[in-house]
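The figures here come from the full heavy-atom set of this structure, side chains too, leaving out hydrogens, waters and symmetry mates. Everything numeric in this text was worked out from a predicted model, so none of it was measured. Protein chains get the first letters and strands the later ones, always in sequence-line order, with residue 1 at the start of each.
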Protein chains: 2
Amino acid sequence: MDKSLQIAEARLPLDPNQEDRAQSIRDSLRDAIVDRRLAPGTKLSEAEVGTLFDVSRTVVRAALQMLAFEGLVKVERNRGAFVSDPTPEEALQVFASRRLIEPGIIAAVIERVTPADVSAFRSHLAAETRHKQERGAAARRAEIKASGDFHLMLAAVAGNAILQKFMDELVARSSLVIALYGRSGASSCGHNDHADLLDAVEAHDVPRAQALMLRHIGHIEADLDLRVKAGLTLKDALAI
Amino acid sequence: MDKSLQIAEARLPLDPNQEDRAQSIRDSLRDAIVDRRLAPGTKLSEAEVGTLFDVSRTVVRAALQMLAFEGLVKVERNRGAFVSDPTPEEALQVFASRRLIEPGIIAAVIERVTPADVSAFRSHLAAETRHKQERGAAARRAEIKASGDFHLMLAAVAGNAILQKFMDELVARSSLVIALYGRSGASSCGHNDHADLLDAVEAHDVPRAQALMLRHIGHIEADLDLRVKAGLTLKDALAI
DNA sequence: CAGAAATGTTTTGCATCCAATATAGCCACA
DNA sequence: TGTGGCTATATTGGATGCAAAACATTTCTG
């Protein structure tokens, strides 16, 4: 009951705009979950989170409900909210969903992309490769986050708010899955799929871009080791 | 402030399982919105809904928040919740999203469908055509709802919980859009796309089923008249 | 000593209460 | 008579309090 929840920015991020504190709490928690600063299964006690952010349980509850809708948190009646702990089954469904949606997004992107967008992508890519070369857990986190952001940027350019929301959810869930099942941590070992993808986009080559997207998703998925899960539960039951 | 909100089942549906009253309120409101018993733009006052279902505002808020996540309700800070009133732009995005997702779903369905599923589809189809032949607003509502349910059944058979959730949202939004912009009301005038689709599924003909699905979505979209919206806002500004 | 029952503690679910904000009604004034 | 500002009212945002459920601990019993 001490300093258990390591949400880093605790107490500090006094809502910038002062409006919609639930939203900003959601964002902080979401970042913490996606960054794996909060391990799957961690209990998110309303009171604890509340004191941490210095708000009442009411607003915490709203934030947790939002996260539950995105699938990042699972609430059990009368038991509380827990950082969700996707099964291998769910992990596969996440990527199956992305395989459906992202090729469509990339097509829309090619239809609508502007030179300004392209340069934004390029500078993002530069930051990504920078993270990839650095060492340490922090850099790894930044890399995973940046990688997800690339896909979110694509979704934004595609110009469909609904699909953008779906991608938001899928990218967050993917990060969680990668954090859980990712082998080694080098999620995109060797490949630099994003750069290739961007080239195809710039060339307005839809089929090629779509193929690259599918290949990219395949790469991410191939880096997962979905067996471990059973062992983890076992270990959980025995030790820690 | 009298009997304003016509949610029909008001006060009666005392939660069957007694658990999660917010969920059942959400379901009632959702049905009412999709059925167009609650017109787009209608204000959903927390207090009013609360008395109607005989719960406190707290739980109503939770229900409204859920609906907001699905896009069926729009909440404006310090102003309250309103049945959402999709713009033509949003309407197009709904169908663009379905065009991406549903062909994938139909492919998954063909991979996993069982004879039991097929017969369930058949009996559902029978009910659908029955509604189509009846007259009156109630039958029309039932027809729209049944039509949406067909797509939801497909999503269920596809076996991907995430996509199923997305389809849930998309179907609900579609119903709202059809209610708003649907020409004449005969949403599927003449065609019986669902039957054809089911035939293709039964024949395990993926390309054909996908093509039929796209054509079907096209039919629905073709029945919309997306111009009116501007006129409505104008009329809104003047009268009522 | 093991397992079950009971008791105390913690945490959630929900109703209620208060302050802040928006809406509506009213009056003054040009 | 119409417009602008002011007061009153209604409604939301959010904190608090209380009952019930889950959980942990201790005590009792075979």
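Residues passing the salt bridge (charged side-chain N to carboxylate O under 4.0 Å, His left out) test with B:K165, sequence neighbours excluded: A:E169. In this view, A:S119 satisfies the side-chain contact (heavy atoms from CB on, under 4.5 Å) rule with no residue, not counting sequence neighbours. For A:D168, the side-chain contact (heavy atoms from CB on, under 4.5 Å) test picks out A:R30, A:L152, with sequence neighbours left out. Under the rule for a salt bridge (charged side-chain N to carboxylate O under 4.0 Å, His left out), the partners of B:R99 that lie at least two apart in sequence or sit in another chain are B:E221.
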Between the protein and nucleotides 17-21 of chain D, are there any N/O to N/O pairs under 3.5 Å, and if so, what are the atom names and distances?
unit_1 : atom_1 : unit_2 : atom_2 : d
D:dA21 : O3'    : A:N78  : ND2    : 3.4

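Distance A:R61 CZ to C:dT12 P: 8 Å, rounded to the nearest Å. As a whole-Å value, the separation of A:F53 CZ from D:dA15 C1' is 18 Å. Protein atom CD of A:E48 is 10 Å distant from nucleotide atom P of C:dT12, rounded to whole Å. B:D20 places its CG atom 16 Å from the P atom of C:dT12, with the value rounded to the nearest Å. B:E46 places its CD atom 15 Å from the P atom of C:dA22, with the value rounded to the nearest Å. Atom P of nucleotide D:dT11 and atom CD of B:E76 are separated by 16 Å, given to the nearest angstrom. C:dT11 atom P lies 14 Å from atom CG of A:L64, rounded to whole Å. The distance between atom NZ of B:K43 and atom P of D:dA10, rounded to the nearest whole Å, is 13 Å.
Among residue pairs with one or both ends in residues 57-66 of chain A, those qualifying as salt bridge (Lys or Arg N to Asp or Glu O under 4.0 Å) are A:E46-A:R57, A:E46-A:R61; sequence neighbours excluded.
Contact between the side-chain N/O atoms of A:S56 and the OP1/OP2 oxygens of D:dA15 is found at a separation under 4.0 Å.
Shown here for B:E128 and B:A146, the closest heavy-atom pair between the two residues is CG-CB, 3.6 Å.
You'll find that the side chain of A:T58 is closest to D:dA15, out of C:dA15, D:dA15, C:dT12.
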